[in-house]
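Hydrogens, waters and symmetry mates play no part in the numbers below; they use all other heavy atoms, side chains included. Here the structure is a predicted model, which means the values were calculated and not measured. Position 1 is the first residue of the sequence, and the numbers go up from there.
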Amino acid sequence: MSKNANKNKNKKHTKKNAEKEQRNRKWRQEKATIKEFRAKAPHMKALLRSRGCDLPFYDYLDSYSEEFHRTVEAAKAAYPSLLGVHEVDDQTFAAETQEWSQFGYSDLEQVFFKIEDTFADYGSSPLDANLCGSMSAFHDSAGNVRSVILIRRSVQTSVQHHELKYAFKIISLVHEIGHVEDLERGINFDVPSRHLDVIAAEAYAHLFALERLARRNLVQSFNTLVDGLRDSVSADGYISKVAQQVLERLPEYQLTHWQEAFDIPPTNEEARQLGPKTMRILSQ
């Protein structure tokens with residue numbers, strides 16, 4: 001090997017190590033921030049609720065991973081067809097043909113829908129995307145419609161801590177749950193004819209997801225999805241048409257930023273009710 005080749009190899013190795021250390025440093029910073037927020041969370045939420053800010057979910061104070069799993073269990077209870085939600089690795093998620101037996105679904109017959117040639121790229125799974133999920137439909141041995149959701153475990157985003165990455169995975173999850181509802185109601189998924197209205201189905205799932213995110217007051221996840229849709233308007237193919245439809249039909253949701261309630265310091269009465277220990281924690 002030439003000296004130049006060795007030099008280039010060493011440069012790449014040094015750069016790779018520097019990038020890894022940068023990711024590790026960011027992960028440590030995020031971990032410390034999460035730990036601090038969670039320690040203060042009960043006291044901060046007590047003050048917020050005393051001011052009338054009683055929310056189903058408080059960004060950063062509550063756990064995104066717990067919210068993800070809560071949403072999974074709620075969906076399984078609400079939708080009879082939904083057999084399971086599985087987080088999978090990159091290779092499994094990107095596979096053209098899934099080995100459903102690995103999830104315990106070997107006795108199911110998958111339903112494949114007819115996709116128009118103009119949507120040939122529909123259902124592809126680019127690994128550079130930060131929102132990755134899929135819903136697959138099946139018939140069981142009795143002929144009943146069943147569904148399974150796959151969520152890509154890794155997330156391509158600047159955040160490093162797994163807890164924060166769940167803020168993205170929640171978006172993918174509720175989008176796919178929207179497809180499950182659509183499938184069960186037969187709105188855009190016509191199982192008998194195997195026909196799928198791609199644009200209408202994707203718009204339905206996005207609007208469903210946004211409504212669910214707004215209902216739970218998942219501000220960060222909601223804003224991430226809206227920003228992504230706005231960016232997609234200028235994209236190629238069906239994605240642009242879907243984004244335009246969703247943004248045109250998107251209601252004016254009023255989400256609450258709990259941080260705004262802390263613009264005003266605690267009053268003497270609030271401080272008395274919260275107690276000296278809580279006040280010390282909030283002042284740190």
Side-chain angles (χ1 to χ4, degrees), residues 26-79 85 131 151 155 157-178 181 206-229 250-284:
K26 196 169 191 305
W27 180 87
R28 291 191 295 269
Q29 291 170 345
E30 290 170 354
K31 181 182 179 183
T33 300
I34 292 168
K35 184 178 180 180
E36 182 180 6
F37 267 116
R38 297 295 158 76
K40 295 180 180 180
H43 312 285
M44 294 174 77
K45 288 195 284 188
L47 176 56
L48 288 166
R49 286 172 179 144
S50 73
R51 292 181 171 185
C53 184
D54 192 358
L55 305 174
F57 187 89
Y58 296 83
D59 274 298
Y60 303 114
L61 299 181
D62 288 329
S63 168
Y64 291 105
S65 59
E66 290 178 8
E67 178 69 10
F68 178 93
H69 294 296
R70 184 208 65 80
T71 304
V72 168
E73 293 308 311
K76 288 165 68 175
Y79 299 101
V85 176
L131 303 178
I151 301 294
V155 180
T157 177
S158 61
V159 299
Q160 298 301 314
H161 198 281
H162 78 280
E163 174 65 24
L164 300 180
K165 290 185 179 184
Y166 270 102
F168 291 85
K169 287 194 265 191
I170 288 170
I171 304 171
S172 301
L173 174 62
V174 289
H175 178 95
E176 300 308 327
I177 294 172
E181 177 171 285
H206 277 312
L207 288 165
F208 176 95
L210 289 162
E211 189 277 330
R212 292 304 174 93
L213 295 173
R215 185 192 301 181
R216 292 291 298 169
N217 203 67
L218 285 148
V219 179
Q220 295 302 318
S221 300
F222 182 92
N223 289 342
T224 296
L225 180 51
V226 171
D227 289 345
L229 289 165
L250 181 63
E252 296 250 351
Y253 292 114
Q254 299 297 321
L255 280 74
T256 300
H257 296 258
W258 61 260
Q259 294 89 335
E260 294 174 359
F262 281 101
D263 290 344
I264 303 172
T267 63
N268 291 336
E269 177 60 22
E270 288 172 335
R272 187 189 66 77
Q273 291 178 359
L274 291 170
K277 180 180 178 182
T278 298
M279 290 303 298
R280 280 198 301 272
I281 293 172
L282 291 176
S283 65
Q284 292 172 0

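- Residues meeting the side-chain contact (heavy atoms from CB on, under 4.5 Å) test with Asp62, sequence neighbours left out: Lys45, Phe57, Tyr58.
- In this view, His206 and His175 satisfy the ring-ring contact (aromatic ring centres under 6.0 Å, His included) rule, not counting sequence neighbours.
- Residues forming a salt bridge (charged side-chain N to carboxylate O under 4.0 Å, His left out) with Glu73 (at least two apart in sequence, or on another chain): Lys76.
- Legend: residues meeting side-chain contact (heavy atoms from CB on, under 4.5 Å) with Glu181, ordered by chain and number and at least two apart, are Tyr79, Arg185, Tyr204, Phe208, Arg212.
- For the pair Trp258 (side chain) and Cys53 (backbone), a donor-acceptor distance under 3.5 Å is absent.
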Before you tell me yes or no, could you show the steps for Tyr60 and Leu164 under side-chain contact (heavy atoms from CB on, under 4.5 Å), namely the whole-Å CA-CA distance, both residues' side-chain angles and the distance that decides it to 0.1 Å? CA-CA 8 Å; Tyr60 303 114; Leu164 300 180; 4.3 Å; yes
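- In this structure, the salt bridge (charged side-chain N to carboxylate O under 4.0 Å, His left out) partners of Glu67, at least two apart in sequence or on a different chain, are Arg70, Arg216.
- Evaluation of the side-chain contact (heavy atoms from CB on, under 4.5 Å) rule for Thr157 yields Val155, Val159, Lys165, Phe168 as partners, not counting sequence neighbours.
- The shortest heavy-atom contact between Gln220 and Tyr64 is CG-OH, 3.8 Å.
- The side-chain contact (heavy atoms from CB on, under 4.5 Å) search around His162 returns Tyr166, not counting sequence neighbours.
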Decide side-chain contact (heavy atoms from CB on, under 4.5 Å) for Leu213 and Ile170; before the verdict, give the C-alpha distance in whole Å, the side-chain angles of both, and the deciding distance to 0.1 Å. CA-CA 9 Å; Leu213 295 173; Ile170 288 170; 3.8 Å; yes
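- Closest approach of Ser221 to Ala167, counting heavy atoms only: OG-O, 2.7 Å.
- When every heavy atom of Pro56 is checked against every heavy atom of Arg215, the shortest pair comes out as CG-O, 3.5 Å.
- Closest of all the heavy-atom pairs between Leu229 and Leu210 is CD1-CD1, 4.0 Å.
- Residues passing the side-chain hydrogen bond (donor to acceptor under 3.5 Å, both in side chains) test with Asn223: none are found, sequence neighbours excluded.
- Every residue two or more places apart in sequence or in another chain that forms a salt bridge (charged side-chain N to carboxylate O under 4.0 Å, His left out) with Glu163 is listed here: Arg38.
- In terms of heavy-atom proximity, Ala41 sits nearest to Leu61 at CB-O, 3.6 Å.
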I'd like to know whether Val85 forms a side-chain contact (heavy atoms from CB on, under 4.5 Å) with Ile177, so could you lay out the CA-CA distance, the side-chain angles of the two residues, the decisive distance to 0.1 Å, and finally the verdict. CA-CA 10 Å; Val85 176; Ile177 294 172; 5.9 Å; no
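- Across all their heavy atoms, Leu255 and Val219 have their closest contact at CD2-CA, 3.7 Å.
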